[in-house]
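A quick write-up on the structure given underneath.
The chains referred to below are lettered A, B, ... by the order of the sequence lines, with proteins before strands, and numbering in each begins at 1.
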Protein chains: 2
Amino acid sequence: MNSRKGQRIAMLSEALSQHRSLHIRQAAAILGVSEMTVRRDVSACPEQFSFLGGHILPFIAADAESPYEISKAADSHASAKREVCAQALKYIRPDQTIFFDCGTTLPYLIDLLPDDILMTAVCYSLNVAERLARKPNVRLVMLGGLYHPASASFSGSSGLETLDALVIDVAFLSAAGVDGRRGATCAHFHEADIKRKAMSQAQTSVLLIDKSKIGKLKPAFFSDMQSFDAVLTEDGLTDLSA
Amino acid sequence: MNSRKGQRIAMLSEALSQHRSLHIRQAAAILGVSEMTVRRDVSACPEQFSFLGGHILPFIAADAESPYEISKAADSHASAKREVCAQALKYIRPDQTIFFDCGTTLPYLIDLLPDDILMTAVCYSLNVAERLARKPNVRLVMLGGLYHPASASFSGSSGLETLDALVIDVAFLSAAGVDGRRGATCAHFHEADIKRKAMSQAQTSVLLIDKSKIGKLKPAFFSDMQSFDAVLTEDGLTDLSA
DNA sequence: AGAGTTATGTTCGAATTTTAACAAGGCAGC
DNA sequence: GCTGCCTTGTTAAAATTCGAACATAACTCT
């Protein structure tokens with residue numbers, strides 16, 4: 001593969017992490033090449049992109065966490081995720097500052113919280129924020145930035161700087177892949193930045209995963225397994241430190 | 001709406017919760033109607049589905065409406081606000097950076113935008129962000145911070161600093177009170193901070209109000225009337241500079 | 001430099017999607 | 001039953017996308 005071609009595909013990936021779809025015409029304009037070249041680029045990586053009537057869509061892996069797939073993923077792992085979150089409840093005490101990671105797992109935890117729970121919540125995902133905003137006694141701090149539809153989350157230096165000024169009692173993390181040797185990984189690098197910073201600011205870091213994540217590897221590494229104070233799965237406390 | 005039509009739309013929702021997309025032909029076969037009818041059904045609920053080259057895509061399932069949304073539904077000035085926003089459309093050109101204020105007016109403007117509009121949107125309100133996030137070609141920048149339920153908005157220095165780094169083409173502002181002599185005011189001081197900074201970064205500042213706001217005064221002042229490049233009400237362009 | 005290979009652009013026709021217009025069918029109210 | 005209104009189906013034309021074929025440009029290797 002050409003290096004130019006590689007660059008273009010990377011640019012496409014980047015653009016598609018910010019948009020749910022991109023028309024070939026726009027892509028051609030952005031990349032400064034002809035539409036035909038865009039077609040060829042996209043066709044060259046069917047595992048990354050798909051065509052739909054002149055629009056380029058990011059390909060969603062079966063287990064990827066994307067707005068499109070949330071309902072399906074929720075169906076298959078919903079009960080597991082609820083069990084995991086039920087265990088997480090005992091790490092929370094009144095009036096603490098809690099960090100909520102993005103993904104499809106954490107919303108279950110929020111739903112399990114008492115409606116009038118008192119806490120300061122920190123998050124960087126739109127759908128997590130919406131849920132937290134409904135709790136009347138939650139003081140919500142949101143890390144803003146550039147929006148990424150794939151995870152409904154935000155990225156940017158302002159969010160990282162906001163974290164610098166926060167003392168977090170408990171950070172609840174999620175991961176798209178967990179491996180005993182290689183550690184915890186996620187799909188996007190901007191998520192990894194936030195996760196790392198949140199863990200460094202937290203007294204206690206708790207990883208919440210369903211077992212389908214074990215043994216998987218995703219591109220963005222964010223922590224080795226030893227750094228978590230607890231790793232919860234639907235089977236309870238788990239030790240994956242190889 | 002027909003009851004048959006309602007059933008078909010429900011069946012479409014069901015089918016699309018398990019697949020990322022559905023071709024019109026398949027949908028027609030499943031529903032036992034013609035492709036044209038499927039087209040008409042889908043076009044009838046643009047907030048639930050979208051077309052992409054012969055395929056039907058689901059939108060993210062919208063969760064229950066937040067308290068703030070509910071109050072919006074009971075908004076007595078809805079039609080006036082829609083009219084104001086219809087006029088605001090002509091200030092927008094493709095590929096610009098647009099600032100959206102918080103409040104109950106701006107959501108109408110977003111609903112009036114074409115689904116595939118290309119822009120960079122800047123906002124600091126949860127319900128505005130939620131709406132903007134559904135537009136596939138909008139690059140969304142969110143100013144985070146501490147959440148204020150009264151206006152579903154965020155406050156904090158990180159948002160103001162993010163604005164420092166932005167060049168805004170058009171800023172659409174709202175106000176809770178507008179007075180020819182005293183200028184534009186709003187209910188909360190943190191909103192005023194953001195509004196002022198957004199206006200200072202914007203090439204063009206447009207104030208969107210319904211006439212019920214005229215003559216009212218609220219605690220937080222944010223701009224005199226001369227500083228707006230346009231003031232739109234349901235009666236059109238208005239000059240309130242006393 | 002020259003030949004061979006690969007990458008990119010252009011063009012064109014086939015296939016597909018979109019849209020509008022009109023016809024047919026169903027249903028409520030009189 | 002008839003009328004008027006709404007829904008659905010059919011058709012045809014317009015616009016768009018797809019994919020192949022060929023031409024040109026760029027790059028690699030000797």
| said: Let me test you: for the helix from C/dA1-D/dT30 to C/dC30-D/dG1, what is the angle between the axes at its two ends (five pairs each), rounded to 10 degrees? | reply: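 Computed from the C1' atoms at both ends, the axes differ by 30°.
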| said: Base contacts versus sugar-phosphate-only contacts with protein, heavy atoms under 4.0 Å: please encode nucleotides 17-22 of chain C as B, S and - from 5' to 3'. | reply: SBBB--
| note | B/Leu31 atom CG is separated from D/dT8 atom P, nearest whole Å, by 11 Å
| query | How long is the line joining CZ of A/Arg8 and P of C/dT6, in whole Å? | reply | 16 Å
| said: Using OP1 and OP2 only, check whether a side-chain N or O of B/Ser34 sits under 4.0 Å from D/dG9. | reply: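 It does, given that an N or O in the side chain of B/Ser34 lies less than 4.0 Å from OP1 or OP2 of D/dG9.
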| field | With sequence neighbours excluded, residues passing ring pair (Phe, Tyr, Trp, His ring centres under 6.0 Å) with B/Phe154 | value | B/Tyr147
Could you work out, with salt bridge (charged side-chain N to carboxylate O under 4.0 Å, His left out) as the rule, every residue matching [X], not counting sequence neighbours?
X        : value
A/Arg182 : none
A/Asp224 : none
B/Lys216 : none
A/Arg196 : A/Asp193

| task | Mind telling me whether B/Phe172 and B/Tyr91 have parallel, tilted or perpendicular rings, with 30° and 60° as the class edges? | result |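 Answer is perpendicular, since the angle exceeds 60°.
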| request: Using the test side chain to side chain contact (heavy atoms under 4.5 Å, CB included), find all partners of A/Ser158 that sit at least two apart in sequence or belong to another chain. | output: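 Only B/Ser158, B/Thr162 meet the side chain to side chain contact (heavy atoms under 4.5 Å, CB included) criterion with A/Ser158.
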| What pairs with A/Ser155 under side chain to side chain contact (heavy atoms under 4.5 Å, CB included), at least two apart in sequence or on another chain? | A/Leu146, A/His148, A/His190
